Trainee: 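The structure follows.
Remember, predicted model here, so these are calculated numbers, not experimental data. To find a chain, count down the sequence lines: A is the first, B the second, and so on, and within it residues start at 1. Computed over heavy atoms, backbone and side chain alike; hydrogens, waters and symmetry mates excluded.
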Amino acid sequence: MNSFKEKLIRQIFRAASYASLFFLFGIMFVLFKESLTALGEINIFNFLLGKDWYPTYEPPDYGILPLISGSLAVSFVAMFICVPLGLGTALYMHEIACDRQRKFLKPAIEILSAVPSIIFGFFGLVILAPFLQKNFNLPTGQCLLTASIMLGVMTIPIITSLSEDALSFVPRSFKEASYALGANRWQTLLRVTIPAAASGIITSIIMGMGRLMGETMIVLMVAGGAAVIPNSLFAPVRPMTSSIAAEMGEAAQGSLHFSALFEIGLLLFIITFVLNIIAEIISRRYRLKLGQGR
Amino acid sequence: MKKHIITTLFLAMSLAASAQIIMEGSTTVLPLAQRTAEVFMNNNSKISISVRGGGSGVGMNSLIAGTADIANSSRAIKDGELQKAAGKNISPKATVAAMDAIALIVNPQNKISGLTKEQVKDIYVGKTKNWKEIGGNDANIVAVSRDSSSGTFEAFNELALEKTRVRKDALMQASNRGVAGLVAATPGAIGYVGLGYLSNKTKTISVDGVMPSVQTVLQNKYLYSRPLFMYTNGEPKGEVKQYLDFVTGKQGQKIAQELGYVPLQ
């Protein structure tokens, strides 16, 4: 009886753990299946490298280069905000802050990560966009920079918590050895702790990048939505995610436009998937390096 | 326990007795559908109406798939949709629920008070880039548009742009409110919204010398106006007909006017 119960429970947990795998494959299957029409009818090079996104015209143009470059541009610029701030916070909390400071810094960062992205979007729309418009004398505040700033702030906690983990994995003995050799705190941090945690930090940055690429609400609200290849920080952009979100509701089901939107989704999925795999490979190497390999 | 069973049974019976109408579609028609449905349900407690947005295309798909009784649409049905419907033995029939007009708005600081149809087109296709070219101040024009898949965009594209492509750097907004807000905050902006979204935060301009209003739309003088449809499978009958009669009737049209639509007569 007891062993039966145990087996049953074991099976239930196994099913639960395989469920996410099932969902993952389910999502991949649906993305691929719905993209088939577009994959077949639109030449893949015209799709990826075409500069015109006019899906509802006759004849339509399905070139997503402006959308891809929009996604890449906002993510890239956002990195300039979230990487220094996120990493700086992690280093400060791990190396310098006393217990009392850590006690309120950590919850504060956790709260920041719990803020729904629509709140960031709202803040960007109501406060940051008008502010930038006024002070930089822009035609409009809804642009790449506004979206990047909001995205960057949103991603700080992800980079902070992941790189703090990486820093805490560095064995104490490394640091002690460094101090024993007469290195000061700064030298130890720069020459020992950071290199030892480097791959973990890089992983955190890549994970942050994946999050940036996939974020939808903020870019939908403040990026401006014009499907042009951005030529300045103040150009309006239309990232892939906001295209899908804005157009899916109105595209006729089963139409080429509908399928093309799924193809954009598939591309986005592949990009974040590859980023995650790279992060995984790097972090695995790093565990081995520190002698914690499995 | 017994009491619970009785209440459940009673609930189940009352649900079975009442008819349900499902409406889905255009966000432009949504406020009208919602308000008329509320008032209609107050008068007819046995009929329940659920209203969903989603967009004209979504509503049409649901009608064709048989999951909605009424598809709200801010545009006429497309050929492709008609073919799909025919394949599923569904024959969409249109009822005009109200008229809608697309008004052009600029920032209140803008001294322009009217444009010709040609000028509007030139602005939106990107030929005119500065306000001074058409008699305004020396400032870049920020063209604000609805997303290219929205019903309002489709109507504007047909009525104002004659299907030429809108300029690439136009700012695409997901809602009427988004357009109005952006124009109100941007000195050089021009945008277009439904009549229900006009306020003193933006300045409405005339097109070919005609200001958009209930009168000018009904007299067919204002260029950018369009009917709003409620599509049903075949001629409306039963509860659906009751509801549609209510919408097109005196009370429904009064609601339409209150919400900023243009009533039919």
Side-chain angles (χ1 to χ4, degrees), chain A residues 51-61 63 66 121 125-127 129-134 137-143 216-217 219-232 234-238 242-258 260-261, chain B residues 25-27 52-62 64-65 73-75 77-78 80-81 84 87 126 129-130 139-154 157 161 163-175 178-179 181-189:
Chain A
K51 289 186 187 139
D52 296 300
W53 176 251
Y54 282 109
T56 52
Y57 284 83
E58 203 53 55
D61 260 328
L125 193 65
V126 177
I127 295 169
F131 175 82
L132 288 178
Q133 183 182 340
K134 228 185 207 163
N137 204 10
L138 305 175
T140 170
Q142 296 198 10
C143 61
T216 307
M217 211 55 227
V219 288
L220 187 62
M221 289 172 88
V222 301
V228 278
I229 297 171
N231 54 5
S232 87
F234 304 114
V237 289
R238 185 183 188 83
S242 63
S243 259
I244 299 176
E247 293 167 32
M248 194 54 101
E250 292 283 351
Q253 213 164 346
S255 66
L256 189 55
H257 182 197
F258 190 78
L261 290 176
Chain B
S26 164
T27 51
R52 290 192 290 250
S56 304
V58 171
M60 217 62 93
N61 275 326
S62 299
I64 293 167
S73 180
S74 55
R75 55 165 170 80
I77 190 165
K78 291 179 182 169
E81 289 166 337
K84 254 180 93 180
K129 294 200 181 271
N130 196 304
N140 281 333
I141 296 178
V142 179
V144 184
S145 169
R146 286 294 307 282
D147 257 309
S148 64
S149 5
S150 78
T152 311
F153 172 85
E154 236 166 290
N157 188 38
L161 307 185
K163 297 200 168 183
T164 358
R165 293 185 166 190
V166 70
R167 59 199 255 189
K168 273 195 201 170
D169 62 351
L171 298 179
M172 299 296 201
Q173 292 291 308
S175 67
V179 174
L182 187 54
V183 172
T186 313

Trainee: Which bit of A:P139 is near chain B, if near means a heavy-atom gap under 4.5 Å: side chain, backbone, both or neither?
Mentor: both
Trainee: Below 4.5 Å from any heavy atom of chain B, which atoms of A:Q133 appear? Answer side chain, backbone, both or neither.
Mentor: side chain
Trainee: Where on B:K168 is there a heavy atom nearer than 4.5 Å to chain A: the side chain, the backbone, both, or neither?
Mentor: both
Trainee: Passes side chain to side chain contact (heavy atoms under 4.5 Å, CB included), A:Q142 versus A:L125? Steps please.
Mentor: CA-CA 7 Å; A:Q142 296 198 10; A:L125 193 65; 3.3 Å; yes
Trainee: Suppose we screen for side chain to side chain contact (heavy atoms under 4.5 Å, CB included). Which residues come up paired with A:L256, at least two apart in sequence or across chains?
Mentor: A:T37, A:A38, A:E41, A:I42, A:Y62
Trainee: Nearest heavy-atom pair of B:R165 and A:Y54: which atoms, and what distance?
Mentor: NH1-CD1, 3.2 Å
Trainee: Just by modelled atom types, is the B:A174 backbone N or O under 3.5 Å from a matching donor or acceptor in the B:R146 side chain?
Mentor: yes
Trainee: Let me know if B:V166 has heavy atoms under 4.5 Å from chain A in its side chain, its backbone, both or neither.
Mentor: both
Trainee: Among A:G141, A:P130, A:A227, A:S243, which residue forms the greatest number of heavy-atom pairs with chain B at distances under 4.5 Å?
Mentor: A:A227
Trainee: By a 4.5 Å heavy-atom criterion (distance strictly below it), what part of B:T164 contacts chain A: side chain, backbone, both, or neither?
Mentor: backbone
Trainee: Please find the pair of heavy atoms, one from A:P60 and one from A:P55, that lie closest to each other, and give the distance.
Mentor: CB-O, 3.6 Å
Trainee: Measure A:P66 against the heavy atoms of chain B and call it side chain, backbone, both or neither at under 4.5 Å.
Mentor: neither
Trainee: Got a sec, which residues hit side chain to side chain contact (heavy atoms under 4.5 Å, CB included) with A:P236, two or more places apart in sequence or on another chain?
Mentor: A:A226, B:L171
